[in-house]
Amino acid sequence: MTATVEPNDLRVGMFIHLDGGWMSHPFPLSSFKISSQDQIDTIRALGLTRVRWSPERSDLPVEAQVAATVGGGDEPGAAGAVAVPVEDPATRARRLADARDEADRAAVRLCERQYQEACRDLRRINDTVGADPERARDSAQALTRAMLDKMMVDGELCVRVLGEPAGDRHSAHAVNVSVVSLLLAKSMGVAEPELADLGTGALLHDVGKLDLPDRVRLPHDDFTHAETTLYRDHVSHGIVQGRRMGLPPTALLVLAQHHELADGSGFPKGVPTERMAMAARIVSLVNYYDNLCNGPTPARSLTPHEALSRMFAQSRSKFDPAILNGFIRMMGIYPPGSLVQLSDDRYAIVTSVNSARPLKPHVRVHDPARGGRSVLLNLEDCPDLGIRRSLKAAQLPARVADVLSPRQRVAYYFDVAARPTADEA
């Protein structure tokens with residue numbers, strides 16, 4: 001249960017909830033525990049009159065909780081601290097597991113809302129490119145800046161797979177490519193000013209498709225030579241649009257080279273890796289990966305594990321080796337969205353990967369022992385449990401597929417890697 005408090009009464013240790021859109025504040029999460037005075041100063045600068053907080057999830061002395069809730073507890077259950085009875089180990093373990101599960105579901109809901117808002121904002125940007133290109137540029141840069149502000153935090157970021165993305169494939173693809181490209185570039189130490197231009201270029205890398213007929217906006221195997229040429233012309237159309245928008249040089253190079261490949265087999269110019277901008281090499285790789293996972297039709301799409309395996313085993317020469325290795329480190333051997341069978345025969349879907357432990361992702365497991373519910377497991381905490389094999393959705397038993405809900409289209413966002421709570425330490 002929650003209470004509300006005036007911004008001037010905020011204290012370090014309060015677990016707060018910032019209501020509003022994801023671009024309305026610079027924090028990576030909308031619900032978090034205040035850890036510094038700087039965070040309090042930032043929240044006060046937002047101009048809010050009240051802030052929701054959860055006393056039971058906060059680390060405050062009892063007297064401070066009572067003081068904060070007096071006059072502010074306008075919601076039920078916002079009283080002071082309550083003594084917690086002693087728990088037996090099994091009950092405590094189950095309670096902590098349920099709390100982790102609910103926190104994970106809440107984090108996914110937040111990421112999905114932010115992802116959908118980013119897709120919505122990008123559609124609005126695309127709608128203004130023709131009539132007001134400079135406004136479209138400013139909006140794209142603001143959207144990139146909002147994502148970067150949430151990435152520039154202390155602690156490790158993890159890549160999350162989301163539910164089936166709503167809306168059109170084009171905006172979902174562009175947001176996927178921008179999010180993963182920014183995370184990859186950040187992990188490789190790319191400087192913040194270049195990150196901003198890379199992100200803007202990634203968001204707009206397919207802007208040239210706005211000039212194409214709908215039937216050729218996605219490549220198909222049965223294209224005629226003329227249709228293939230028309231499809232590939234989206235790169236040159238994009239450069240024209242980018243210049244009209246006044247994009248910076250790095251962003252323009254991303255638009256120009258997002259289909260070029262390190263071995264010279266890309267288009268439109270077939271330039272090798274040494275003639276590609278670093279930002280373009282990163283976006284080209286991520287764009288290639290997302291097109292494998294989210295093909296023009298579900299039948300042609302690969303699972304994230306299949307896509308990564310193909311890139312490494314069959315197409316390694318197409319990518320800058322350092323960038324490909326960095327991508328594998330970040331995404332893990334089984335990227336988020338991969339369907340797997342564990343060493344104890346249970347089925348699971350990989351939900352997020354911590355780049356520090358790429359072989360030990362977080363998975364949501366179909367657990368027959370809990371009535372067929374899905375439960376969250378961090379494989380890092382399960383030394384005797386590992387991943388046996390990767391699966392396609394068609395290989396899942398029907399009862400498992402109903403619970404794990406495998407995605408036909410893969411959507412990615414980011415989150416701050418969870419840290420153990422004081423209760424778990």
Exercise. Is it true that a side-chain atom of N287 and a backbone atom of V283 form a donor plus acceptor pair closer than 3.5 Å?
Worked result: no
For this session: Check whether the ring centres of F15 and F32 lie less than 6.0 Å apart, and answer yes or no.
Result: no
Exercise. Within the side chain of E260, is there an N or O that forms a donor-acceptor pair under 3.5 Å with the backbone of T273?
Worked result: no
Problem set entry | Close side-chain approach of L162 and R109, heavy atoms under 4.5 Å | no
Seminar exercise, completed: Closest non-hydrogen contact found for A185 with I282 is CB-CD1, 3.8 Å
Problem set entry | K392 atom NZ, over 12 foreign heavy atoms within 6.0 Å | yes
Exercise. Could E192 and K186 be called an ion pair, given the rule that one side-chain N must be under 4.0 Å from one carboxylate O?
Worked result: no
For this session: Show your working on side-chain hydrogen bond (donor to acceptor under 3.5 Å, both in side chains) between H17 and S54 and close with a plain yes or no.
Result: CA-CA 8 Å; H17 310 271; S54 298; 2.6 Å; yes
Problem set entry | Minimum side-chain heavy-atom gap D320-L285 below 4.5 Å | no
Exercise. Closest heavy-atom contact between A279 and T250?
Worked result: CB-CG2, 3.7 Å
For this session: Mind running side-chain contact (heavy atoms from CB on, under 4.5 Å) on R243 and L247 for me, showing each step along the way?
Result: CA-CA 6 Å; R243 287 174 175 160; L247 294 181; over 6 Å; no
Atom pairs and distances, side-chain donor-acceptor, residues 297-304, under 3.5 Å, sequence neighbours left out:
{"from": "S301", "atom 1": "OG", "to": "C293", "atom 2": "O", "distance (Å)": "3.4"}
{"from": "S301", "atom 1": "OG", "to": "G295", "atom 2": "N", "distance (Å)": "2.8"}
{"from": "S301", "atom 1": "OG", "to": "T297", "atom 2": "O", "distance (Å)": "3.3"}
{"from": "T303", "atom 1": "OG1", "to": "E306", "atom 2": "N", "distance (Å)": "3.1"}
{"from": "T303", "atom 1": "OG1", "to": "E306", "atom 2": "OE1", "distance (Å)": "3.4"}

Problem set entry | Donor-acceptor contact present, side-chain R50 to main-chain T4, <3.5 Å | yes
Exercise. Atom CG of L182 and atom NZ of K150: how far apart are they, to the nearest 0.5 Å?
Worked result: 14.0 Å
For this session: Tell me, yes or no, whether the heavy-atom count around E134 atom CD, taken from other residues, nucleotides or ligands under 6.0 Å, exceeds 12.
Result: no
For this session: Taking all heavy atoms of S178 and all of A202, pick out the closest pair and write down the distance.
Result: CA-CB, 3.6 Å
Exercise. How long is the span from the CG atom in D59 to the OG atom in S35, to the nearest 0.5 Å?
Worked result: 11.5 Å
Exercise. Do H173 and H205 make the cut of ring centroids closer than 6.0 angstrom?
Worked result: yes
For this session: Establish, from distance only, whether the side-chain atoms of N176 and Y413 form a donor-acceptor pair under 3.5 Å.
Result: no
Exercise. Roughly how far apart are L376 CG and D101 CG, rounded to 0.5 Å?
Worked result: 6.0 Å
For this session: State, with a plain yes or no, whether a side-chain heavy atom of P368 is found less than 4.5 Å away from one of R346.
Result: yes
Exercise. Are more than 12 heavy atoms from other residues, nucleotides or ligands located less than 6.0 Å from atom CZ of R44?
Worked result: yes
Exercise. If you round to the nearest 0.5 Å, how far is CG of L157 from OG of S352?
Worked result: 11.5 Å
Exercise. With a 4.0 Å cut-off, would you call R123 and D127 a salt bridge?
Worked result: no
Show which side-chain atoms of residues 378-388 pair as donor or acceptor with protein atoms under 3.5 Å away, not counting sequence neighbours.
{"from": "N378", "atom 1": "OD1", "to": "E380", "atom 2": "N", "distance (Å)": "3.0"}
{"from": "E380", "atom 1": "OE2", "to": "R357", "atom 2": "NH1", "distance (Å)": "3.2"}
{"from": "R388", "atom 1": "NH1", "to": "D345", "atom 2": "OD1", "distance (Å)": "2.4"}
{"from": "R388", "atom 1": "NH2", "to": "S343", "atom 2": "O", "distance (Å)": "2.9"}
{"from": "R388", "atom 1": "NH2", "to": "D345", "atom 2": "OD1", "distance (Å)": "3.3"}

Problem set entry | N/O donor-acceptor pair under 3.5 Å between R364 side chain and I349 backbone | no
For this session: Evaluate the criterion salt bridge (Lys or Arg N to Asp or Glu O under 4.0 Å) for residue pair D402 and R399; output intermediate values, then yes/no.
Result: CA-CA 5 Å; D402 288 343; R399 68 185 186 283; over 6 Å; no
Exercise. Under the 3.5 angstrom rule, does the side chain of S139 hit a backbone N or O of A136 as a donor-acceptor pair?
Worked result: no
Exercise. Charged N to carboxylate O under 4.0 angstrom, K209 versus D206?
Worked result: yes
Exercise. Less than 4.0 Å between a side-chain N and a carboxylate O, is that true for E117 and R124?
Worked result: no
Exercise. Are the side chains of L212 and R217 in touch, meaning some heavy atoms are under 4.5 Å apart?
Worked result: yes
Exercise. What closest approach, in Å, do Y412 and V179 show between heavy atoms, and which atom pair accounts for it?
Worked result: O-CG1, 4.1 Å
Exercise. So, do I16 and R52 sit near enough that their side-chain heavy atoms are less than 4.5 Å apart?
Worked result: no
For this session: Please confirm whether R232 makes a cation-pi placement over F267, using NZ or CZ under 6.0 Å from the six-membered ring centre and within 45° of the ring normal.
Result: yes
Exercise. If you round to the nearest 0.5 Å, how far is CE of M278 from CD of E194?
Worked result: 8.0 Å
Exercise. Could you walk me through whether V180 and D290 pass the side-chain contact (heavy atoms from CB on, under 4.5 Å) check?
Worked result: CA-CA 10 Å; V180 179; D290 194 68; over 6 Å; no
Exercise. Any donor and acceptor pair, going by atom type alone, linking the side chain of D168 with main-chain N or O of S171 inside 3.5 Å?
Worked result: yes
Show the atom names and distances, to 0.1 Å, of all donor-acceptor pairs under 3.5 Å that link a side chain in residues 327-340 to residues at least two apart or in another chain.
{"from": "S338", "atom 1": "OG", "to": "H305", "atom 2": "N", "distance (Å)": "3.3"}
{"from": "S338", "atom 1": "OG", "to": "P335", "atom 2": "O", "distance (Å)": "2.7"}

Problem set entry | Which atom of R11 lies closest to which atom of L60, heavy atoms considered | CB-CD2, 4.1 Å
Problem set entry | Reported CG-to-OG distance for the pair L292 and S309, which is rounded to 0.5 angstrom | 11.0 Å
Exercise. When the aromatic ring centroids of F223 and H225 are compared, is their separation below 6.0 Å?
Worked result: no
Exercise. Do you know the tightest heavy-atom contact between D197 and P248?
Worked result: OD1-CG, 3.3 Å
For this session: State whether the side chain of D415 and the backbone N or O of C158 hold a donor-acceptor pair below 3.5 Å, judged by distance alone.
Result: no
For this session: Could you tell me whether the side chain of T229 reaches within less than 4.5 Å of the side chain of T224, counting heavy atoms only?
Result: no
Exercise. Checking Y288 side chain against K318 main chain: does a donor-acceptor pair fall under 3.5 Å?
Worked result: no
Problem set entry | S36 side-chain N/O to Q39 backbone N/O, donor-acceptor pair under 3.5 Å | yes
Exercise. Taking side chain as C-beta onward, heavy atoms only, is H170 less than 4.5 Å from L218?
Worked result: yes
For this session: Look only at the side chain of Q116 and the backbone of R113, and say whether a donor-acceptor pair between them is shorter than 3.5 Å.
Result: no
Exercise. Just wondering, do E227 and R215 contact through their side chains at under 4.5 Å, heavy atoms?
Worked result: yes
Problem set entry | Worked check of side-chain contact (heavy atoms from CB on, under 4.5 Å) between R160 and V108 | CA-CA 8 Å; R160 276 192 178 275; V108 169; 3.5 Å; yes
For this session: Determine, for D138 against R135, whether the closest basic-nitrogen to carboxylate-oxygen distance falls under 4.0 angstrom.
Result: no
For this session: Carefully, step by step, assess L391 and Q341 under the rule side-chain contact (heavy atoms from CB on, under 4.5 Å).
Result: CA-CA 7 Å; L391 302 169; Q341 189 171 22; 4.1 Å; yes
